[in-house]
S.K.: 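This is the structure I want to talk about, given as structure tokens.
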Amino acid sequence: MSQLMIFLFVINILVAMQCYRNARIKGYPSKIFTLLGLIPYFNLVVWVYLLFLPNLSSASKFEPS
């Protein structure tokens with residue numbers, strides 16, 4: 001049973017790291033998305049949400065000035 005809990009904890013941390021990485025790449029607040037990514041059962045929703053959000057850092061390039 002403890003191996004399962006350790007495995008789930010490691011997966012949870014890996015998903016939170018992916019949330020942090022995707023938030024930084026796309027220009028969103030990384031601390032908020034990392035904290036949301038640390039919440040079990042909610043972290044996959046946050047991760048998928050980040051995958052479909054537009055990239056803010058490249059959005060300013062396409063806007064007319």
Side-chain angles (χ1 to χ4, degrees):
M1 187 66 169
S2 64
Q3 290 177 346
L4 176 64
M5 301 235 345
I6 291 171
F7 177 72
L8 291 176
F9 180 72
V10 168
I11 295 298
N12 191 20
I13 295 298
L14 289 174
V15 170
M17 287 172 42
Q18 286 290 8
C19 290
Y20 173 78
R21 189 176 65 87
N22 283 341
R24 286 196 43 104
I25 289 171
K26 292 191 173 193
Y28 289 99
S30 58
K31 290 180 184 178
I32 292 172
F33 281 101
T34 304
L35 288 175
L36 291 174
L38 287 172
I39 301 171
Y41 302 112
F42 189 63
N43 57 4
L44 292 176
V45 174
V46 173
W47 188 23
V48 170
Y49 185 68
L50 271 170
L51 290 176
F52 290 108
L53 280 174
N55 193 348
L56 289 181
S57 58
S58 67
S60 63
K61 296 177 185 175
F62 298 114
E63 293 177 5
S65 40

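None of the values given here were measured: they were computed from a predicted structure.
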S.K.: So does Ile32 have more than 12 non-hydrogen atoms from other groups sitting under 6.0 Å from CD1?
M.R.: no

S.K.: Find the distance between CE (Met5) and CE (Met1) and round it off to the nearest 0.5 Å.
M.R.: 7.0 Å

S.K.: What's the spacing between Arg24 CZ and Leu50 CG if we round to 0.5 Å?
M.R.: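 The CG atom of Leu50 is 13.5 Å from CZ of Arg24, to the nearest 0.5 Å.
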
S.K.: Only counting residues at least two apart or in another chain, list the ones meeting side-chain contact (heavy atoms from CB on, under 4.5 Å) with Val10.
M.R.: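 Testing Val10 for side-chain contact (heavy atoms from CB on, under 4.5 Å), a comparison that skips the adjacent residues, returns Ile6, Leu14.
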
S.K.: If a pair satisfies side chain to side chain donor-acceptor pair (under 3.5 Å) and one of its residues is in residues 26-52, list it, with sequence neighbours excluded.
M.R.: Asn12-Asn43

S.K.: Quick check: is Val46 connected to Leu53 through a chain of hydrophobic side chains (ILVMFWY, heavy atoms under 4.5 Å apart)?
M.R.: yes

S.K.: Grouping I, L, V, M, F, W and Y whenever their side-chain heavy atoms are under 4.5 Å apart, do Phe9 and Leu38 come out in a common cluster?
M.R.: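 Linked within one cluster.
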
S.K.: Shared ILVMFWY cluster between Tyr20 and Ile25, side chains joined below 4.5 angstrom?
M.R.: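 No; Ile25 is not reachable from Tyr20 via cluster members.
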
S.K.: Which value, rounded to the nearest 0.5 Å, describes the distance between Cys19 atom SG and Leu44 atom CG?
M.R.: 8.5 Å

S.K.: If you compare all heavy atoms of Ala23 against all heavy atoms of Pro29, which two are closest, and at what distance to 0.1 Å?
M.R.: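 Taking every non-hydrogen atom into account, CB-O, 4.3 Å.
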
